[in-house]
Peer 1: 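Mind looking over this structure? Questions follow.
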2 protein chains.
Amino acid sequence: MTELSRYERDLKNAGLRITQPRRIILQILEQSGDHPDATEIFQRAAKMDARISLATVYRTMKVLEETGAVERHAFQGGPARFEQADREHHDHLIDIETGAVVEFTSPRIEELQRTIAEELGYEIVDHRLELYGRKIR
Amino acid sequence: MTELSRYERDLKNAGLRITQPRRIILQILEQSGDHPDATEIFQRAAKMDARISLATVYRTMKVLEETGAVERHAFQGGPARFEQADREHHDHLIDIETGAVVEFTSPRIEELQRTIAEELGYEIVDHRLELYGRKIR
DNA sequence: ATGCAAATGCGAACCATTCTCATTAAGACT
DNA sequence: AGTCTTAATGAGAATGGTTCGCATTTGCAT
């Protein structure tokens with residue numbers, strides 16, 4: 001009777017169980033417009049079900065990363081931050097003063113990356129492009 | 001009588017002492033063609049002077065980063081890795097199978113980054129471009 | 001309804017890094 | 001060369017993020 005979200009379907013297809021913690025964490029990710037870290041997800045989850053543990057948040061993030069539902073970003077210094085992965089690819093500009101994350105895309109840069117890797121004899125499996133900047137006022 | 005290396009001069013100019021541990025670590029960095037992490041530097045240093053501690057390696061790396069002598073890279077997952085900073089700017093392609101680091105530069109990409117940041121109202125303070133790839137055989 | 005493997009919660013363990021603090025040693029000034 | 005001041009060091013404890021181990025719970029196929 002419950003209609004499954006896209007993510008729940010992915011879990012099912014991967015032969016994984018749709019558990020209460022996963023359901024809640026998934027729901028949080030869907031609602032989050034930001035890039036929360038594990039602790040933040042844990043806190044938000046606790047509001048919906050106090051018995052979820054931080055370890056489960058970490059485990060779930062790993063699982064969701066594997067099913068392709070979320071992307072993990074390890075920005076300078078701090079803890080890993082997560083976001084849904086269903087949207088199209090983009091890179092990040094991190095405001096070094098506020099920590100705010102601005103997303104952007106550049107097909108030209110993507111293109112150049114591929115060319116460069118190829119020249120070096122590599123195929124790109126993943127990449128990270130992060131700009132750390134200060135707002136010009 | 002002892003001629004100072006470029007780095008030793010930088011330390012002196014910053015009002016810092018040229019200590020035995022620093023001298024040794026600096027020497028190791030000069031000889032290293034790779035991108036060692038703190039533990040690796042510590043091990044190499046131990047061969048020259050067994051009483052150097054890991055804490056000192058970390059402290060020294062921080063100091064050298066501040067004087068601009070080294071660059072710190074936090075590649076996916078693992079510990080921070082270091083390299084001398086006197087050479088011209090370059091980005092990294094990390095071989096996901098071996099961990100090997102290939103360096104490259106792309107003025108076109110640098111250029112595009114600046115343009116993008118500007119369009120978003122930011123000036124770039126720092127940036128990271130890392131390609132993770134697999135060798136094409 | 002039942003059984004079993006997968007997932008969870010909890011705390012312990014882990015790893016990279018930083019900190020504390022008593023001790024050592026640069027190097028400035030005799 | 002000797003002394004003094006204070007930065008730097010060594011050793012280990014502490015910290016922060018993340019993972020693990022294991023007993024218990026819970027999805028879900030039967």
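By convention in this document, chain letters (A, B, ...) are assigned in the order of the sequence lines, proteins followed by strands, and residues within each chain are numbered from 1.
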Peer 1: In whole Å, what is the span from the CG atom of A:Asp37 to the P atom of D:dG17?
Peer 2: 8 Å
Peer 1: Round to a whole Å and report the spacing from CZ of B:Phe75 to C1' of C:dA16.
Peer 2: 16 Å
Peer 1: Decide whether B:Glu103 and B:His35 meet the rule of one side-chain donor and one side-chain acceptor closer than 3.5 Å.
Peer 2: yes
Peer 1: Evaluate the ring planes of A:His89 and A:His127, with Trp represented by its six-membered ring, and classify them as parallel (under 30°), tilted (30 to 60°) or perpendicular (over 60°).
Peer 2: tilted
Peer 1: Testing A:Val70, A:Leu11, A:Ile25 for side chain to side chain contact (heavy atoms under 4.5 Å, CB included) with A:Val63, which one passes?
Peer 2: A:Leu11
Peer 1: Distance check needed: D:dA8 C1' versus B:Leu26 CG, whole Å only.
Peer 2: 15 Å
Peer 1: Expected output is a numbered-order residue list: members of residues 52-61 of chain A with a heavy atom under 4.0 Å from any atom of DNA chain C. What is it?
Peer 2: A:Ile52, A:Ser53, A:Ala55, A:Thr56, A:Arg59
Peer 1: Which one, D:dT9, D:dT26, C:dT8, comes nearest to the side chain of A:Arg17?
Peer 2: D:dT26
Peer 1: To the nearest Å, give me how far apart CD1 (B:Ile24) and P (D:dA8) are.
Peer 2: 17 Å
Peer 1: Under 4.5 Å between side-chain heavy atoms, chaining through other members, with only Ile, Leu, Val, Met, Phe, Trp and Tyr counted: pull out the rest of the cluster around B:Val102, sorted by chain and number.
Peer 2: A:Leu93, A:Val102, A:Phe104, A:Ile109, A:Leu112, A:Ile116, A:Leu120, A:Tyr122, A:Ile124, A:Leu129, A:Leu131, B:Leu93, B:Phe104, B:Ile109, B:Leu112, B:Ile116, B:Leu120, B:Tyr122, B:Ile124, B:Leu129, B:Leu131
Peer 1: Specify the separation, in whole Å, of atom NZ of A:Lys62 and atom P of D:dT18.
Peer 2: 11 Å
Peer 1: Taking the nucleotide of DNA chain C with the nearest heavy atom to each, does B:Pro21 or A:Asp49 sit closer to the 5' end?
Peer 2: A:Asp49
Peer 1: Quickly work out the B:Glu8 CD to C:dA26 P distance and round it to whole Å.
Peer 2: 13 Å
Peer 1: By nearest atom, which of the nucleotides D:dC28, C:dA7, C:dT17 is closest to the A:Leu16 side chain?
Peer 2: C:dA7
Peer 1: Starting at CZ of A:Arg22 and ending at C1' of C:dA6, how long is that distance when rounded to a whole Å?
Peer 2: 8 Å
Peer 1: Are any of B:Arg51's side-chain N or O atoms less than 4.0 Å away from OP1 or OP2 of C:dA25?
Peer 2: yes
Peer 1: Show me, pair by pair, the donor-acceptor contacts under 3.5 angstrom made by side chains of residues 14-21 of chain A, not counting sequence neighbours?
Peer 2:
from	atom 1	to	atom 2	distance (Å)
A:Thr19	OG1	A:Arg22	N	3.3

Peer 1: Would you mind reporting whether B:Val101 and B:His73 have side-chain heavy atoms less than 4.5 Å apart?
Peer 2: no
Peer 1: Carefully, step by step, assess A:Glu111 and A:Arg108 under the rule salt bridge (Lys or Arg N to Asp or Glu O under 4.0 Å).
Peer 2: CA-CA 5 Å; A:Glu111 173 68 34; A:Arg108 296 280 303 106; over 6 Å; no
Peer 1: Would you kindly give the CZ-to-C1' distance between A:Phe42 and D:dT18, to the nearest whole Å?
Peer 2: 14 Å
